[in-house]
Amino acid sequence: AQSVTQLGSHVSVSEGALVLLRCNYSSSVPPYLFWYVQYPNQGLQLLLKYTSAATLVKGINGFEAEFKKSETSFHLTKPSAHMSDAAEYFCAVSDSGGGADGLTFGKGTHLIIQP
Amino acid sequence: DSGVTQTPKHLITATGQRVTLRCSPRSGDLSVYWYQQSLDQGLQFLIQYYNGEERAKGNILERFSAQQFPDLHSELNLSSLELGDSALYFCASSSSGRASTGELFFGEGSRLTVL
């Protein structure tokens, strides 16, 4: 079965500092990997996705993530945090094979931006 | 605005009761996914419909059922409600039949409170 683990339920960074949100996956087949963001009182919105075309994936709002097969990781980064980045971030995996096809989400990481 | 509409936004009911949550997908999207979000379980995939047919099933309880109608809107029926069913229920839609190849667009959710 596929799964993702997000390290750190809460991450706090200063405005302008590097954002690093960690995600490790487990999958028996080549995975599709996603990062979604959830702002307060809203639904989830896709930030970026990895589908094996390129290991470094650029998303919206200046975020990017790098797929590292050797480390089974898909960490999300942003060079300079902005106050508007404060939100809940979810890593998710989907089976690229023929299995059940709902996205499997991690527990989420709450990103706090300090002024 | 994702284009996905969920009603009601809030619902308070008692144990043992039955409720129906409704979802209207984005115009043209054939897939509808249902997710449950709770503090202890995180985001759990419940079920997917594609063009009126059940496509994939996740951690959906037998007390829960769903359907997708010819106009593509979907309903999630929750019966014999228990306190533990209190959660935020999200609907997401996609133009693709597979979550791995398409972007999921989430509604703002229906918050169910069971007293």
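Order of the sequence lines sets the chain letters (A, B, ...), proteins ahead of strands, with each chain counted from 1.
Taking CG of B:Asp1 as the start and CD of A:Gln42 as the end, the distance is 10.0 Å to the nearest 0.5 Å. Atom-to-atom distance recorded for A:Leu46:CG and B:Phe105:CZ is 8.0 Å, nearest 0.5 angstrom. If you take CG on A:Leu44 and CD on B:Glu108, they are separated by 12.0 Å, rounding to the nearest 0.5 Å.
A:Val11 and A:Phe63 fall within the same hydrophobic cluster, where Ile, Leu, Val, Met, Phe, Trp and Tyr residues are linked whenever their side-chain heavy atoms come under 4.5 Å apart, directly or through other members. B:Tyr89 is connected to B:Val114 through a chain of hydrophobic side-chain contacts under 4.5 Å among Ile, Leu, Val, Met, Phe, Trp and Tyr, so both are in one cluster. Following chains of ILVMFWY side-chain contacts shorter than 4.5 Å, one can reach B:Leu76 starting from B:Tyr49, so the two form part of one hydrophobic cluster. Residues A:Leu48 and A:Leu20 do not share a hydrophobic cluster, clusters being chains of Ile/Leu/Val/Met/Phe/Trp/Tyr side chains in contact below 4.5 Å. No continuous path of ILVMFWY side-chain contacts below 4.5 Å connects A:Leu7 to A:Val93, so the two sit in separate hydrophobic clusters.
Closest heavy-atom contact between B:Tyr35 and A:Leu103: OH-N, 3.0 Å. In this structure, B:Leu104 and A:Tyr36 approach most closely via the heavy-atom pair N-OH, 3.3 Å. Shortest non-hydrogen contact noted between B:Gln37 and A:Gln38 is NE2-OE1, 3.2 Å.
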